[in-house]
Amino acid sequence: WSCRDLAATALGRISRQFKVLPLANPETYLLCDARGDTLWRFREGAEALQEVIPAGTLAGPNGLVSGADESVWVADTDNRRLLQLVPAEDGTFATAREHSALNEFTIGKRFYPMLLDRGSDGRLWVAQAAEFSEGQSDLVVYAPEAGAREVIGLPRGAYATGVAALEDRILVTDLELFTVHEVDPDTGDV
């Protein structure tokens with residue numbers, strides 16, 4: 001195992017948390033930037049980032065995951081939605097589907113989608129939080145075509161900070177309870 005700097009110069013513009021997603025092209029990545037409110041493409045060793053969506057499309061994006069057919073899903077936190085982006089011929093991305101985090105499964109004010117992963121069945125597992133000062137969140141399951149389908153109640157006081165979809169289970173990291181919750185994707189049992 002070894003570590004190396006992929007884009008030190010290019011990432012100098014980023015000042016807050018970001019997520020990176022490898023693309024099919026070797027050494028090429030997408031990056032969502034929570035403070036910069038955008039989606040970037042970069043190549044290893046590049047001197048600059050390339051903005052790949054129109055300005056104003058995203059607000060505080062915090063999560064990024066591959067979808068079907070080369071699409072990308074973004075947890076567009078401050079716009080309180082999940083947004084599907086599809087590649088355009090010119091190398092940029094266009095908006096496709098959008099699912100509001102304000103839906104029939106929203107509990108209280110937990111309508112800020114923070115992090116997400118795509119399960120083996122294609123569903124999106126989303127850590128959906130309240131304001132950070134409230135320190136509460138839920139795990140909401142979305143069907144890419146139809147939107148929110150169910151909410152998985154995490155233990156009282158849980159504040160999910162990470163979601164990992166494995167073949168037979170979903171793992172959720174918890175900042176407040178300092179644990180990892182295991183969720184059965186078939187039954188929803190935590």
Side-chain angles (χ1 to χ4, degrees), residues 1 6 17-32 34 39-41 52-53 58 61-77 79-88 93-107 110-129 136-155 158-190:
W1 293 86
L6 296 181
Q17 74 260 24
F18 61 91
K19 300 295 184 287
V20 174
L21 181 67
L23 294 176
N25 293 341
E27 302 176 352
T28 305
Y29 306 85
L30 288 179
L31 179 149
C32 69
L39 185 69
W40 308 93
R41 175 183 289 115
V52 293
I53 57 170
L58 299 175
N62 277 297
L64 187 63
V65 69
S66 295
D69 303 324
E70 299 182 4
S71 70
V72 174
W73 284 92
V74 179
D76 191 11
T77 304
N79 282 328
R80 299 180 183 114
R81 66 180 177 172
L82 298 183
L83 184 62
Q84 182 187 36
L85 302 171
V86 293
F93 283 80
T95 59
R97 289 185 182 98
E98 144 178 2
H99 301 305
S100 175
L102 293 161
N103 55 59
E104 64 184 290
F105 298 99
T106 302
I107 298 172
R110 297 177 215 161
F111 42 58
Y112 293 99
M114 299 296 292
L115 301 155
L116 71 162
D117 204 354
R118 188 167 167 251
S120 59
D121 61 359
R123 294 184 299 169
L124 299 169
W125 295 78
V126 182
Q128 212 163 278
Q136 292 184 335
S137 66
D138 297 306
L139 186 62
V140 182
V141 184
Y142 288 79
E145 299 80 21
R149 290 289 155 247
E150 66 180 301
V151 64
I152 307 297
L154 297 174
Y159 194 79
T161 54
V163 178
L166 307 177
E167 188 68 31
D168 60 344
R169 59 193 164 153
I170 307 299
L171 300 180
V172 180
T173 58
D174 189 328
L175 176 69
E176 292 298 321
L177 301 178
F178 202 68
T179 191
V180 177
H181 306 287
E182 181 178 335
V183 180
D184 183 313
D186 297 323
T187 65
D189 291 340
V190 179

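The shortest heavy-atom contact between G119 and A165 is CA-CB, 3.7 Å. Scanning both residues, G122 and R118, for their nearest heavy atoms gives O-CG, 3.8 Å. Contact detail for F111 and L102: the closest heavy-atom pair is CD2-CD2, 3.1 Å. Of all the heavy atoms in V172 and A160, the pair that sits closest is CG1-CB, 3.5 Å. Minimum heavy-atom separation, P155 to L177: CB-CD1, 4.0 Å. Heavy-atom minimum distance, P144 versus L124: CG-CG, 4.5 Å.
No side-chain heavy atom of Y142 sits less than 4.5 Å from a side-chain heavy atom of L116. At least one side-chain heavy atom of L39 sits under 4.5 Å from a side-chain heavy atom of L30. Proximity of V151 to R110: side-chain heavy atoms (C-beta onward) are nowhere separated by under 4.5 Å. With contacts defined as side-chain heavy-atom distances shorter than 4.5 Å, the pair P113/H99 does not qualify.
Each of L115, L31, V74 was checked for a side-chain contact (heavy atoms from CB on, under 4.5 Å) with K19, and the lone residue meeting it is L115.
Atom CD1 of residue I152 and atom CZ of residue F105 lie 10.0 Å apart, to the nearest 0.5 angstrom. Atoms CG and CG, from D76 and L58 in turn, are 4.5 Å apart once rounded to the nearest 0.5 Å. A distance of 9.5 Å separates CD in E167 from CG in D121, rounded to the nearest 0.5 Å. Separation of atoms CZ (R80) and OH (Y112) is listed at 3.5 Å; rounding is to 0.5 Å. One finds the CD atom of Q128 at 9.5 Å from the OG1 atom of T77 (value rounded to the nearest 0.5 Å). From N79, atom CG reaches atom CD of E98 across 8.0 Å, with rounding to the nearest 0.5 Å.
At least one donor-acceptor pair closer than 3.5 Å links the side chain of T106 to the backbone N or O of A101.
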Given V183 and W125, is the side-chain contact (heavy atoms from CB on, under 4.5 Å) satisfied, shown in steps? CA-CA 10 Å; V183 180; W125 295 78; 4.2 Å; yes
Could you walk me through whether L154 and D174 pass the side-chain contact (heavy atoms from CB on, under 4.5 Å) test, one step at a time? CA-CA 10 Å; L154 297 174; D174 189 328; 5.9 Å; no
Check step by step if side-chain contact (heavy atoms from CB on, under 4.5 Å) holds for I107 and Q136. CA-CA 10 Å; I107 298 172; Q136 292 184 335; over 6 Å; no
Checking side-chain contact (heavy atoms from CB on, under 4.5 Å) for the pair V126/V163: CA distance, chi angles, key distance, verdict? CA-CA 7 Å; V126 182; V163 178; over 6 Å; no
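Not counting sequence neighbours, A24 has no partner by the side chain to side chain contact (heavy atoms under 4.5 Å, CB included) test. Take A96 and apply the side chain to side chain contact (heavy atoms under 4.5 Å, CB included) test, not counting sequence neighbours, and it matches Q84, V86.
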Exercise answer: donor-acceptor pairs, residues 63-70 side-chain atoms, under 3.5 Å, sequence neighbours excluded:
none

